[in-house]
Colleague: 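I'd like to ask some things about the structure below.
Not measured: the values here are computed from a predicted model.
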Amino acid sequence: MAFLQQLSSSLFPHRWRLLAISMAGLLICAVLFFLAHSAIGVALVGPLVLLPWGLMCVARAKYAFQSAFFLALATFGLAWPLIVLLG
């Protein structure tokens with residue numbers, strides 16, 4: 001639990017950067033999916049949107065179980081391209 005609290009406190013100053021990265025990733029994925037009609041847009045949602053969004057939520061979490069849930073979401077974001085492209 002101490003690890004999650006330390007991670008949360010170290011990410012807290014960067015929460016707005018993580019939000020900006022997440023929104024830019026969402027824009028990139030939308031352009032690739034809707035304008036280029038590419039499955040890569042769906043595959044990139046994980047690392048470009050879910051990962052920074054999950055880390056931003058870890059930074060704002062007040063309790064350890066919330067941090068653990070959002071860290072699992074960020075990890076799922078890393079695995080998302082494999083799920084989409086191999087599944």
Side-chain angles (χ1 to χ4, degrees):
M1 296 301 170
F3 167 74
L4 293 174
Q5 294 294 339
Q6 184 181 13
L7 181 65
S8 177
S9 64
S10 67
L11 287 174
F12 190 76
H14 306 290
R15 66 189 184 279
W16 294 110
R17 287 185 207 137
L18 290 168
L19 179 64
I21 291 168
S22 182
M23 291 300 115
L26 188 63
L27 180 67
I28 290 169
C29 292
V31 166
L32 284 173
F33 183 71
F34 290 113
L35 296 180
H37 302 291
S38 174
I40 299 295
V42 176
L44 289 177
V45 167
L48 292 179
V49 179
L50 286 178
L51 177 65
W53 189 269
L55 291 177
M56 184 194 66
C57 292
V58 167
R60 298 196 54 171
K62 296 187 187 296
Y63 304 107
F65 70 88
Q66 289 175 333
S67 294
F69 173 75
F70 290 124
L71 195 59
L73 175 71
T75 306
F76 181 71
L78 285 176
W80 183 251
L82 292 175
I83 294 169
V84 169
L85 296 175
L86 297 177

Colleague: Rounded to the nearest 0.5 Å, what separates atom CG in L71 from atom CG in L55?
Modeller: 7.0 Å

Colleague: For residues 42-62, which residue pairs pass the ring-ring contact (aromatic ring centres under 6.0 Å, His included) check, not counting sequence neighbours?
Modeller: none

Colleague: Indicate, with yes or no, if L44 and V31 share a hydrophobic cluster defined by side-chain heavy-atom contacts under 4.5 Å among Ile, Leu, Val, Met, Phe, Trp and Tyr.
Modeller: no

Colleague: Would you list the pairs meeting ring-ring contact (aromatic ring centres under 6.0 Å, His included) in which at least one residue belongs to residues 65-86, sequence neighbours left out?
Modeller: Y63-F65, F76-W80

Colleague: Looking at P47 and P81, what are the two nearest heavy atoms and their distance?
Modeller: CD-CG, 3.6 Å

Colleague: Quick one: closest heavy-atom pair of S8 and S67, and the distance?
Modeller: CB-OG, 4.5 Å

Colleague: Tell me whether V84 is reachable from F34 by hopping between hydrophobic residues (I, L, V, M, F, W, Y) whose side-chain heavy atoms are closer than 4.5 Å.
Modeller: yes

Colleague: Which pairs would a plain distance check flag for residues 10-30, meaning a side-chain donor or acceptor within less than 3.5 Å of a matching protein atom at least two apart in sequence or in another chain?
Modeller:
| unit_1 | atom_1 | unit_2 | atom_2 | d |
| --- | --- | --- | --- | --- |
| S10 | OG | Q6 | O | 3.3 |
| S10 | OG | L7 | O | 2.9 |
| H14 | ND1 | R17 | NH1 | 2.7 |
| R15 | NH1 | F12 | O | 2.9 |
| S22 | OG | V49 | O | 3.3 |

Colleague: For a quick test of reading the model, state the closest non-hydrogen atom pair linking V45 to G41 and the distance between them.
Modeller: CG2-O, 3.3 Å

Colleague: Considering residues at least two apart in sequence or located in another chain, which fulfil the side-chain contact (heavy atoms from CB on, under 4.5 Å) criterion with L82?
Modeller: L86

Colleague: Taking atom CG of L73 and atom CG of L50, what is their separation to the nearest 0.5 Å?
Modeller: 5.5 Å

